[in-house]
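Ligands are counted one by one from 1 in listed order, and the atoms in each one are counted from 1 as well.
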Amino acid sequence: MTTALLTHDDGFRHVTPPGHPEQVARLEHVLHALAPMSDLKRVSAPMASESDLLRLHPRSYLDMLRSALPEEGFAQLDADTFLSPGSLDAAFRGAGAAVKAVDMVVAGEAGNAFCAMRPPGHHAETETPMGFCVFGNAALAARHALDHHGMERVAVVDFDVHHGNGTQDLLWDERRALFISSHQMPLWPGTGAPDERGAFDNVVNLPLAPGTGGAEMRALYEAQVFPRLRAFAPELVVVSAGFDAHAADPLANLEWRTEDFAWVTRELCAFAAELCGGRLVSVMEGGYDLEALAASVAAHVTELREAAA
Ligand SMILES: [Zn+2]
């Protein structure tokens, strides 16, 4: 089997103001780094259907986004979340990529999948865009697996340096989903304390102090993440793959290296192989140093390919 790479040029049509860290160049660098990987099964990311999005976001939210979409220039949704004329097409394809990736791994058309799209998703709450994010792509993938494919247990693991407050909000009272987030604290958005545990003890928050490096991160995953994952026995693992815990990242203060992203990917793939036939869908979240992002995504996808082979 192979690893699927889901992306679309509409990801370049989500434009942010000059100097914004969540910029078009991120996707350019990522796709350039993945270009030599000729064995990837390249798939054009479809737009999510309304029914896909309405599983977790109300119609009023879709209406608000459509009415906010500018004909030119930018619309500002919050302090750091902007829409350009192409942004909703990009966001619909980001959500659609995550949903399609689930379909592909369930159907056995790919062993696992990586969705290289932007804007990212894990800060988007039920009816609130936030932190560069518009739709909760990882949570939408999980709910699609549960509702459309009839799965009973889906795990979402988020190693982006920021707390996945949006995914937590969207899955808070979903007893069929386990959400595990490691993140720097203190750091924006300020949520993600260990006592935020979900309506069914289905949320696990693992804050990391500024300066935490790869060795401590690995120990934390060994002690806290993997036992919970094994006990939950998911039928699918969704990964919110943010690469801004990298030491070079300008938005945060953790000290992970490229090989740490390879390690966590390798371990998560090993758990997926053990627990659910290797079924794993990874969606790109943050990562704002362009070189570190490209190298870390390449390391991540290299591990996905080896696991799927
Ligand atoms: Zn982040």
Side-chain angles (χ1 to χ4, degrees), residues 11 14 16 19-27 29-30 77-82 90-91 94 98 114-125 128-139 141 156-171 179-193 196 203 205-214 217 220-221 225 238-258 260-261 264-265 268 282-297 299-300:
H14 170 55
T16 50
H20 196 289
E22 206 293 284
Q23 55 184 306
V24 169
R26 297 180 64 240
L27 186 58
H29 276 68
V30 163
L77 299 177
D78 76 356
D80 39 35
T81 311
F82 295 82
F114 180 66
C115 302
M117 284 298 291
R118 52 183 290 280
H122 74 149
H123 296 306
E125 298 188 341
T128 311
M130 218 175 127
F132 320 157
C133 301
V134 176
F135 296 133
N137 303 325
V156 181
V157 179
D158 184 332
F159 59 72
D160 188 280
V161 79
H162 302 95
H163 178 234
N165 62 291
T167 309
Q168 172 170 298
D169 179 56
L170 295 167
L171 299 179
F179 175 55
I180 305 177
S181 176
S182 66
H183 44 268
Q184 180 182 325
M185 185 174 268
L187 187 66
W188 189 94
T191 50
E196 298 166 27
V203 170
N205 280 308
L206 301 169
L208 297 164
T212 298
M217 176 276 285
L220 179 79
Y221 271 70
V225 177
V238 177
V239 180
S240 258
F243 301 91
D244 40 9
H246 197 287
D249 198 274
L251 297 194
N253 316 96
L254 296 193
E255 298 291 332
W256 299 15
R257 306 286 170 178
T258 303
D260 295 313
F261 293 102
V264 72
T265 307
L268 290 172
S282 172
V283 296
M284 188 167 81
E285 303 286 1
Y288 303 100
D289 179 88
L290 296 173
E291 302 303 326
L293 172 65
S296 300
V297 167
H300 178 65

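- Contact annotation: the side chain of Pro210 approaches that of Pro186 to within less than 4.5 Å [non-hydrogen atoms, C-beta and beyond].
- Because the distance cut-off is set at 2.8 Å, Glu285 fails to qualify as a neighbour of the Zn ion (ligand 1), as none of its N, O or S atoms comes that close.
- Inclusion of His162 in the first shell of the Zn ion (ligand 1) is supported: an N, O or S atom falls under 2.8 Å.
- Separation of atoms CH2 (Trp188) and NE2 (His183) is listed at 12.5 Å; rounding is to 0.5 Å.
- The aromatic rings of Phe159 and Phe261 sit tilted, their planes meeting at an angle between 30° and 60°.
- Below 30°, between 30° and 60°, or above 60°: for His163 and Phe179 the angle between ring planes is between 30° and 60°, a tilted geometry.
- The angle Asp244:OD2 - the Zn ion (ligand 1) - Asp160:OD1 amounts to 110°, with values rounded to 10 degrees.
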